[in-house]
> 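The following block contains the structure, expressed as structure tokens.
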Amino acid sequence: MGSSPIIGFSIHLGTVAPTDTGSIPPWVSTGHAIPVLVEPKTSGEPYWSGWALAGDSRATAVASHDGVTVLLAGELYHRAELGSVVGETADGLSDAELLLACWLRYGPSGLRLCNGRFAAVVAENDSVVVATDHAGTIPLYLRTRPDGVDVATEAKVLAEGAGDSFPAPGTEPAPGLTGVRRVQAGTAVTLVPGSTVAEAARTWRPPHHRLIVSPDEAVNRVADVLDKAVRTRLGGPHDPVTAVLSGGIDSSSVVALASGGGRPVRTISLGTDIGDEFAAARVVAEHLGTRHHEFRCSSEELVRQLPWAVAAAEIVDAEVLEYLLPLVVLYRMVPNEGTRIVTGYGADIPLGGMHRTTERLHSLDEVIAFDMGTFDGLNELSPVLGSMAGHWTTHPFWDRDVLDLLTALEPGLKRRDGRDKWVLREAMRELLPTATVTRPKLGIHEGSGTSSAWSQLLRRVGVAESDLASVKTAMAAVFHRRTVREQEPPGEVSFDDVLDEVMSEQNLAVTR
Ligand code: AMP
Ligand code: MG
């Protein structure tokens, strides 16, 4: 794991020799461009042409051996274990080389061994496998054409001139785009470029069973697996890291584990004029001795950056955008010190944290099962949220081992003694102040006042309460059309113009 992996790529795999690798549009993630050009060694293999983006110009994107070529964006988190089964020490191998070694031993099943944050393309003979990690944390899109297949980690790259992609198994239509398809989470799709031959294999599914373990054992297991997920994400014990800290139990846990052993941690918190969690974050920062920074953004300024959130997440769901907006804004405000960013995002899904007042264990477990069955395609963990501002982000709570354990624990360990996320709070009791361990959950959109910020701005221009939701939904669709389908740089999309367009479409009057 380097401190800055391959951020993303756009690749054409075709039957015709390419003339060049194409240019990188200005509206994708920022990074160093690495041209990718691979000639077939024997007839039948595809030509590769395109580019990868990396934080470091010396990064390698592609690994090749024995007729197998691997392109990997992202990173693997259990390198030592993988090394032990492929008969090599992982030291000195890039993640692409490690995946290649795994493939050479196990074939496509090797993808089932990988715990990481990655999107991969592997070519062997005339077929190509495109694969996401267990949770699809790096979104992966494809477009099939008569002369090959285009694969990219940002849908906007494929939007132009997209015709009809055939509905390959293991893929779904990307929202708002015809002819672009998204590879599902935990899925490997095998394609033959230029044909409609395709099949899909699952590499992971959220567990449906529940484990009965003693409360003590559950607490110990959660502490261990989370500690490992944090450590394997952060490089050497003295490599500095940045953490987005709200002062809630999830982000505070990550900061506590990251700073154990003396690692220098910079913590950052966002607030608006409507709300902040600064006091709670400060308690944690002081307790753990982090270098702490507070960023304040007016709620109006925050909402006006919605085009950036849409361009990054490439989704049209207004509610999810409200969760992601504060992070996108914070990433854009934070000076880039070359450290990776770690977050507490996603803990609530396997632990049922959003359902903080649910008393019935059956109901709690049902919402956990529902949320674990419906996360795919929301792109909440997309690296583009950070990489648009040049940051690499990673999420220990969605480590495959952490997610497996947290999801599978029986719900009585999640809701216990009248508390939500009980098992996590207990696991962190020794590392954090009591006030933090017992602090009730506050969603990011609540703490920073995002939902109310968007609503407030709409109310101010005369949108009735009953129209708020439909105006937000319509605005999200227009932001998506302009920044993703029409590839306008998000900085050039005016919030007010989009609002005017939506209001007139819905026959509503704007009062400014
Ligand atoms: P939440 O929706 O509160 O679970 O937030 C998800 C993650 O986003 C947290 O675990 C933090 O890492 C981060 N986060 C939430 N709110 C803030 C904030 N106000 N400032 C900085 N980071 C935050
Ligand atoms: Mg929170």
Side-chain angles (χ1 to χ4, degrees), residues 137 226 229-230 233-234 241-259 265-285 288 290-299 302 305 309 312-313 319-334 340-356 371 375 378-382 385-386 389 391 393-399 402 406 420-421 424-425 428 432 435-453:
T137 72
L226 190 60
V230 171
R233 275 165 173 71
L234 301 186
V241 66
T242 298
V244 278
L245 176 65
S246 65
I249 188 66
D250 311 341
S251 53
S252 301
S253 303
V254 168
V255 175
L257 294 170
S259 55
V265 179
R266 170 175 65 156
T267 45
I268 54 175
S269 296
L270 178 76
T272 70
D273 49 298
I274 299 180
D276 67 60
E277 297 178 73
F278 285 169
R282 226 174 286 149
V283 167
V284 176
L288 298 171
T290 67
R291 181 161 57 90
H292 187 59
H293 300 274
E294 294 169 355
F295 293 85
R296 205 177 280 282
C297 170
S298 82
S299 54
L302 186 118
Q305 294 185 57
E319 199 180 325
V320 177
L321 286 166
E322 287 184 338
Y323 301 149
L324 302 181
L325 177 62
L327 288 173
V328 169
V329 168
L330 183 55
Y331 295 152
R332 297 191 66 226
M333 289 176 91
V334 174
R340 47 186 51 219
I341 295 184
V342 67
T343 89
Y345 204 95
D348 288 319
I349 301 174
L351 290 172
M354 285 87 67
H355 310 280
R356 51 201 158 194
D371 290 345
F375 69 81
L378 303 181
N379 293 359
E380 289 175 275
L381 305 184
S382 170
L385 304 171
H391 301 289
T393 54
T394 177
H395 313 83
F397 280 102
W398 274 56
D399 178 271
V402 174
L406 293 185
D420 61 357
K421 297 192 275 195
L424 175 63
R425 294 178 190 279
M428 293 298 130
L432 289 168
T436 308
V437 170
T438 55
R439 185 175 176 238
K441 197 223 148 45
L442 205 57
I444 184 166
H445 54 302
E446 302 164 316
S448 58
T450 327
S451 337
S452 36

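Bear in mind the structure is a predicted one, so any value in this text is a computation, not a measurement. Along the sequence shown, residues are numbered consecutively beginning with 1. Atoms within each ligand, like the ligands themselves, are counted from 1 in listed order.
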> So which protein heavy atom does atom 6 (C) of ligand 1 come closest to, and at what separation?
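Residue, atom and distance for the closest contact: Tyr345 CD1, 3.6 Å.
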> Among all protein heavy atoms in this structure, tell me which lies nearest to atom 9 (C) of ligand 1, with the distance rounded to 0.1 Å.
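Nearest protein contact, heavy atoms only, for atom 9 (C) of ligand 1 is Ser251 CB, 4.0 Å.
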> Report yes if some heavy atom in the side chain of Glu380 is under 4.5 Å from a heavy atom in the side chain of Ile349; otherwise report no.
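Yes, close enough: below the 4.5 Å cut-off.
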> Among all protein heavy atoms in this structure, tell me which lies nearest to atom 8 (O) of ligand 1, with the distance rounded to 0.1 Å.
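Sorting protein heavy atoms by distance from atom 8 (O) of ligand 1 puts Ile444 CD1, 3.7 Å first.
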> Relative to the heavy atoms of Ile268, which atoms of ligand 1 are at a distance of less than 4.0 Å?
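The list of qualifying atoms is 21 (C).
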> Is Thr267 close to Leu288 at the side-chain level, that is, under 4.5 Å between some pair of heavy atoms?
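Heavy-atom side-chain distance check fails, nothing below 4.5 Å.
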> How close does the nearest protein non-hydrogen atom get to atom 23 (C) of ligand 1, and which residue and atom is it?
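The answer is Ser246 CB, 3.8 Å.
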> Any non-hydrogen side-chain atom of Thr343 less than 4.5 Å from a side-chain atom of Ser251?
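Answer no - side chains too far apart.
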> What do you reckon, does Gly344 have a nitrogen or oxygen under 3.5 Å from a nitrogen or oxygen of ligand 1?
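Yes; at least one N/O pair falls below 3.5 Å.
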> Say whether Leu330, considering both its backbone and side-chain N or O atoms, lies within less than 3.5 Å of an N or O atom on ligand 1.
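Between Leu330 and ligand 1 (N or O atoms, distance only) the closest approach is not under 3.5 Å.
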> At a cut-off of 2.8 Å, what protein N/O/S atoms sit near the Mg ion (ligand 2)?
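Less than 2.8 Å away from the Mg ion (ligand 2) sit Leu442 O.
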> Please check this pair: side chain of Ser269 against backbone of Leu245, looking for a donor-acceptor N/O pair closer than 3.5 Å.
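Present.
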> Taking the side chain as C-beta and beyond, is there a heavy-atom pair between Leu327 and Tyr345 under 4.5 Å?
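Answer yes - side chains close enough.
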> Between the side chains of Asp273 and Ser298, is a donor N or O closer than 3.5 angstrom to an acceptor N or O?
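No, Ser298 and Asp273 have no side-chain donor paired with an acceptor closer than 3.5 Å.
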> Can you classify the ring geometry of His391 versus Tyr331 as parallel (below 30°), tilted (30 to 60°) or perpendicular (above 60°)?
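Rings of His391 and Tyr331: tilted, 30 to 60°.
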> Considering non-hydrogen atoms of the protein only, which is the closest contact for atom 4 (O) of ligand 1, and what is the distance?
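Ranked first by proximity to atom 4 (O) of ligand 1 is Lys441 NZ, 2.9 Å.
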> Between Arg425 and Leu432, is there a side-chain heavy-atom distance shorter than 4.5 Å?
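With C-beta onward as the side chain, the pair stays apart.
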> Any donor-acceptor pair under 3.5 Å linking the side chain of Arg439 with the backbone of Ile249?
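Absent.
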> Please name the residue in the list Leu385, Val241, Thr242 that meets the side-chain contact (heavy atoms from CB on, under 4.5 Å) test with Ile341.
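The side-chain contact (heavy atoms from CB on, under 4.5 Å) with Ile341 is passed solely by Thr242 among Leu385, Val241, Thr242.
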> For Tyr323, check ring-ring contact (aromatic ring centres under 6.0 Å, His included) against everything at least two apart and list the hits.
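Tyr323: ring-ring contact (aromatic ring centres under 6.0 Å, His included) contacts with His445.
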> Taking N or O atoms only and a 3.5 Å limit, does Leu442 qualify as a polar contact for ligand 1?
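Right, the criterion is met.
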> Which of the numbered atoms in ligand 1 are under 4.0 angstrom from any heavy atom belonging to Ser269?
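Those of ligand 1 that fall under 4.0 Å from Ser269 are 20 (N), 21 (C).
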> For atom 21 (C) of ligand 1, which candidate among Val342, Asp250, Asp348, Leu245 holds the nearest heavy atom?
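That would be Leu245.
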> Do the side chains of Lys441 and Asp348 get close enough for a salt bridge, i.e. N-O under 4.0 angstrom?
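Yes, Lys441 and Asp348 are salt-bridged.
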> Of all the non-hydrogen atoms in the protein, which one sits nearest to atom 12 (O) of ligand 1, and at what distance?
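Atom 12 (O) of ligand 1 sits closest to the protein heavy atom Val244 O, 2.7 Å.
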> Answer whether the closest heavy-atom distance between the side chains of Leu442 and Ser246 falls below 4.5 Å.
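They are not in contact (no side-chain heavy atoms under 4.5 Å apart), so the answer is no.
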> In the protein, what heavy atom is nearest to atom 19 (N) of ligand 1, and what distance, to one decimal place, separates them?
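So the nearest neighbour among protein heavy atoms is Leu270 O, 2.9 Å.
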> Closer than 4.0 angstrom: is that true for some heavy atom of Val254 and an atom of ligand 1?
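No; Val254 lies far enough from ligand 1 that no heavy-atom distance drops under 4.0 Å.
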